[in-house]
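The structure under discussion appears below in the form of structure tokens.
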Amino acid sequence: MLDVVYEEAERLLRGAMAEAGAEAEPALQEPRAGYGDLASSACFTLARKLGRAPAELAEELAGKIELSSARFISAVEALNGFINFHFNYSELARATIERVAAEGERYGSGGRRGRIILEHTSANPDGPLHIGHGRNAAIGDSLARILRFSGYEVETEYYLNDMGRQLAVVVLGLRRLKLDTSLKQDHAIAKVYVEASRMVEESEELQAELSELMRAYEAGDESTVREFREAAEYCMQGIRETLQRLGVSHDLTVWESEFVRSGEVERVLERLSSSPCARQEEVLYLDLSGFGIDKELVLRRSDGTMLYATRDIAHHLWKAERGRMINVWGADHKLLAEQLGAVMRILGAPEPEFVIHEFITLPGGSMSTRKGRFISMDELLDEAAARALQEVERRRGEKDEAFRRRVAEQVAVGAVRYAMVRVAPEKHVKFRWEEVLDFERQGAPFIQYAHARACRILEKAELPERFEVGELSQDERRLVKLVAAMPVTVDRAAEELKPSLLAAYLLELATAFHSFYSSVRVLGSESEAFRLRLVQAVKTALANTMRLLGIPVLEEM
RNA sequence: GGACUCGUAGCCUAGCCUGGACAGGGCGUCGGCCUUCUAAGCCGAAGAUCGCGGGUUCAAAUCCCGCCGAGUCCGCCA
């Protein structure tokens with residue numbers, strides 16, 4: 001809705017500039033509080049160009065703006081060299097409320113076109129997802145939801161690294177250790193992995209067996225392949241369970257080994273070996289210094305076997321056929337991301353886009369599945385749910401246990417997902433239990449509560465067809481503007497691949513709603529009809545945006 | 001040592017790409033608000049040399065250079 005208002009302001013401003021013979025970009029921006037609803041700093045640019053004072057120009061242009069044709073802009077003023085626009089809130093309120101009502105669950109969706117293959121999570125099948133993987137999954141899944149809502153056809157992919165040393169260690173461990181079937185599958189695998197890693201470290205014999213195992217798997221030895229697949233699948237069952245709990249799913253699981261077995265990796269090597277960047281010494285490698293990457297990229301070992309990066313090139317060539325590639329990767333893969341981009345350019349293929357996130361570290365340092373030093377997502381969710389349950393019991397003791405458990409779980413999932421996505425991905429996070437588990441802070445529960453409050457008002461009255469828009473309060477204007485801003489915010493999040501924008505948006509909308517809720521009554525008030533419709537619109541905007549971040553939408557809590 | 005990312009009040013964070021009006025929030029602290037739609041809420045107060053130093057500009061948290069601190073990577077690992 002706000003896009004229409006922006007266009008109108010731009011049209012008015014351009015008209016005035018044309019009349020004054022002073023052309024410049026409209027430079028529209030969100031003003032600071034107290035300076036209207038929309039501002040333009042175009043006069044500063046013009047001032048330089050024309051050698052005049054910004055304030056004087058702003059006065060002149062503001063005077064030339066013709067408001068008679070405007071629908072959503074009601075006033076314009078010049079101040080400190082800025083041109084400030086004021087919205088016609090009764091008009092904007094009516095248009096917004098009607099549009100939200102008409103579009104319902106689709107409000108905020110866009111008409112973008114194209115196919116995207118989005119890779120995220122992709123944790124090694126050697127144990128449960130830890131909180132670092134959780135960050136990846138939350139960002140990736142939110143992006144998938146956002147991009148779909150924007151109109152793209154999105155295919156999400158879990159790239160399964162089955163050719164690494166990790167899975168081989170697990171397989172070796174399974175040959176001589178008892179699998180603890182009392183544990184959740186991924187945790188049972190982790191236990192084997194930790195123990196087997198230690199054993200391998202201490203025994204040269206086992207190291208030899210491990211190398212042999214990896215060779216046999218790459219060669220496609222039938223029984224070895226079965227062992228690897230079974231081990232990986234067993235672990236993946238546990239991982240998928242956790243992801244499901246978080247509301248995360250993948251359309252495809254792509255096994256790294258497929259590209260070796262299909263011969264794609266071999267073909268990639270042939271194509272690359274004729275590149276001017278290719279060097280064949282004991283190993284085949286690419287000199288990528290022409291792309292600003294000093295580190296050479298080894299493609300084939302002296303024993304003829306391939307490396308992870310080589311297989312990933314084949315993987316990306318396959319993906320390139322399916323659509324625009326977006327990868328959500330951890331910061332440890334930054335160099336590989338750059339190298340991959342360069343190689344795709346060499347091959348004349350489209351380059352993947354990356355959303356790189358920094359690490360979550362524990363007080364003692366970074367996490368390691370191999371050393372058993374990590375906090376799993378299961379642990380985090382259980383802890384969050386237990387803590388949420390205490391809160392629900394304290395507040396809603398009168399409700400039955402099923403209700404309390406369901407709400408606690410949904411609050412926990414929302415809190416965890418929100419916490420993972422609200423911080424910009426490039427920020428390094430130091431994990432502290434108190435921060436994730438503190439529901440007193442603004443976060444998902446605060447947002448879920450705003451939605452529940454809206455529901456409780458709406459369930460007590462019929463939604464009126466007709467409504468009068470009178471003079472709006474400060475809170476009502478804020479709500480109208482925010483609801484109207486939802487589609488442009490979603491569109492920006494999709495464009496910039498930033499789910500965190502929606503996290504910030506939700507917080508603002510929930511804050512405005514809580515403030516509105518405490519300052520005025522809806523039911524029984526003079527403007528009941530309008531307020532009911534406004535609450536309905538806020539509820540829709542909240543719910544639609546919450547779904548994009550995978551935050552459970554609660555009617556009651 | 002080199003490359004990349006981050007550095008905003010006691011703590012966490014937005015804004016930085018696309019430079020503009022007194023740097024937004026939250027936690028914590030202090031003080032108020034439950035006989036009316038759920039107080040997981042609301043209202044108010046105090047709290048910031050935007051890491052440091054230089055430069056560009058009418059204007060710098062934002063752009064450029066240098067330095068310091070933190071994280072990550074720099075394997076014929078994945």
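Reminder, nothing fancy here: chain letters follow the sequence lines and each chain counts from 1.
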Which part of the nucleic acid, if any, lies within contact of [X], taking any heavy atom under 4.0 Å across all strands shown: a base, the sugar-phosphate backbone alone, or nothing?
X        : result
A/Asp303 : nothing
A/Val169 : nothing
A/Arg165 : sugar-phosphate
A/Lys334 : base
A/Pro54  : nothing

With respect to the side chain of A/Phe44, which nucleotide from B/U72, B/G20, B/U5 is positioned closest?
->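 In terms of side-chain proximity for A/Phe44, the closest of B/U72, B/G20, B/U5 is B/G20.
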
With respect to the side chain of A/Ile457, which nucleotide from B/A78, B/C37, B/G20 is positioned closest?
->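 Of the candidates, B/C37 comes closest.
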
What are the residues of residues 507-525 of chain A, sorted by number, that bring a heavy atom to within less than 4.0 Å of RNA chain B?
->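 Result for residues 507-525 of chain A: A/His514, A/Ser515, A/Tyr517, A/Ser518, A/Val520, A/Arg521, A/Val522, A/Leu523, sorted by number.
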
Kindly say whether the aromatic ring centers of [X] and [Y] come within a distance under 6.0 Å.
X        : Y        : value
A/Phe513 : A/His451 : no
A/His514 : A/Tyr449 : yes
A/Phe259 : A/His315 : yes

Polar pair under 3.5 Å, donor/acceptor by atom type, side chain A/Asn84, base B/A21 =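 In this structure, the two groups form a donor-acceptor pair.
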
Every protein N/O within reach of nucleotides 13-18 of chain B N/O, cut-off under 3.5 Å:
{"residue": "B/A14", "atom": "OP1", "partner": "A/Ala424", "partner atom": "N", "Å": "3.1"}
{"residue": "B/A14", "atom": "OP2", "partner": "A/Lys427", "partner atom": "NZ", "Å": "2.9"}

Identify the nucleotide, in any strand shown, that forms a Watson-Crick or G-U wobble pair with [N], with both distances under 3.5 Å; if there is none, say none.
N     : result
B/G69 : B/C6
B/C77 : none
B/G41 : B/C33
B/C63 : B/G55

May I ask you to decide if the ring planes of A/Phe82 and A/Phe44 are parallel, tilted or perpendicular, using 30° and 60° as cut-offs?
->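 Rings of A/Phe82 and A/Phe44: perpendicular, as their planes differ by over 60°.
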
Quote, to the nearest angstrom, the C1' distance that separates B/G25 from B/U72.
->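 Here B/G25 and B/U72 have their C1' atoms 29 Å from each other.
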
For atom P, what is the distance between B/C22 and B/A59, given to the nearest Å?
->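 Approximately 15 Å lies between the P atom of B/C22 and that of B/A59.
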
Taking for each residue the nucleotide of RNA chain B bearing the nearest heavy atom, is the 5' side occupied by A/Arg48 or by A/Ser40?
->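 Looking at RNA chain B, the more 5' nearest nucleotide goes with A/Ser40.
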
With nearest nucleotides of RNA chain B determined for A/Leu79 and A/Thr361 from heavy-atom distances, which residue corresponds to the more 5′ nucleotide?
->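 Its nearest nucleotide lies further toward 5', so the answer is A/Leu79.
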
Output all residues satisfying ring pair (Phe, Tyr, Trp, His ring centres under 6.0 Å) with A/Phe530, sequence neighbours left out; order by chain, then residue number.
->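 None.
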
Are A/Lys427 and A/Glu358 within salt-bridge range, i.e. N to O under 4.0 Å?
->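 Looking at A/Glu358 together with A/Lys427, the answer is no, because their closest N to O distance does not fall below 4.0 Å.
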
Looking at A/Trp255, does the NZ or CZ of A/Arg261 lie under 6.0 angstrom from its six-membered ring centre and within 45 degrees of the ring axis?
->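 No; the conditions do not both hold, so A/Arg261 does not lie above the ring face of A/Trp255.
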
